[in-house]
Amino acid sequence: MRKIILTLLVAIAFVLNATAQDRRVTGNLKDEKGTPVVNASVVVKGTARGSVTDANGDFSLSVPSNARTLVISGVGLTTQEVSLGSRTNFSVVMISSDLSM
């Protein structure tokens, strides 16, 4: 019985340690005029983890502790890469792309 309990405690410790390695990153996207950018994609570079901005241009996502860059893109906007460093909150001004159809 002690072996089972000890095994469960060790398994729980590993699970808690694995989840503790992620961190929450939040931010806000606006265009050059200060208008919130809605439905822009914010993705951790090299992963499938991402989020979409809401009606206020806000986003929130969980990133691995070893993540270095966010890739931000949207329709009619130039894709930007933002370095994470140790920051957890970002304000990004998106630039309109010059592409026209």
(request) Output, in order, the C-alpha distance, side-chain angles, deciding distance and verdict of side chain to side chain contact (heavy atoms under 4.5 Å, CB included) for Val71 and Thr79. (result) CA-CA 7 Å; Val71 179; Thr79 299; 3.7 Å; yes
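Contact check for Arg49 versus Ser62: side-chain heavy atoms found under the 4.5 Å cut-off.
Annotation for Asp22 and Pro64: closest pair OD1-CA, 3.4 Å, computed over non-hydrogen atoms. Listed here is the closest heavy atom pair of Ser60 and Thr26: OG-CG2, 3.7 Å. Pairing each heavy atom of Pro36 with each of Ala55, the nearest pair is CB-O, 4.0 Å.
Side chain of Ser91 to backbone of Asn28: no donor-acceptor contact under 3.5 angstrom is found. Using modelled atom types, no side-chain atom of Asn56 and backbone atom of Asp58 make a donor-acceptor pair closer than 3.5 Å. Remark: side-chain polar atoms of Glu32 are not paired, donor with acceptor, to backbone N or O of Val93 under 3.5 angstrom.
Partners of Lys45 under the salt bridge (charged side-chain N to carboxylate O under 4.0 Å, His left out) rule, at least two apart in sequence or in another chain, are Glu81.
In the model, Arg23 has no side-chain atom that pairs as donor or acceptor with a side-chain atom of Thr88 under 3.5 Å.
Taking Ile, Leu, Val, Met, Phe, Trp and Tyr as hydrophobic and joining them when side-chain heavy atoms fall under 4.5 Å apart, one finds Phe90 in a cluster with Val25, Leu29, Val37, Val42, Val44, Phe59, Leu61, Val63, Leu70, Ile72, Leu77, Val82, Leu84, Val92, Met94.
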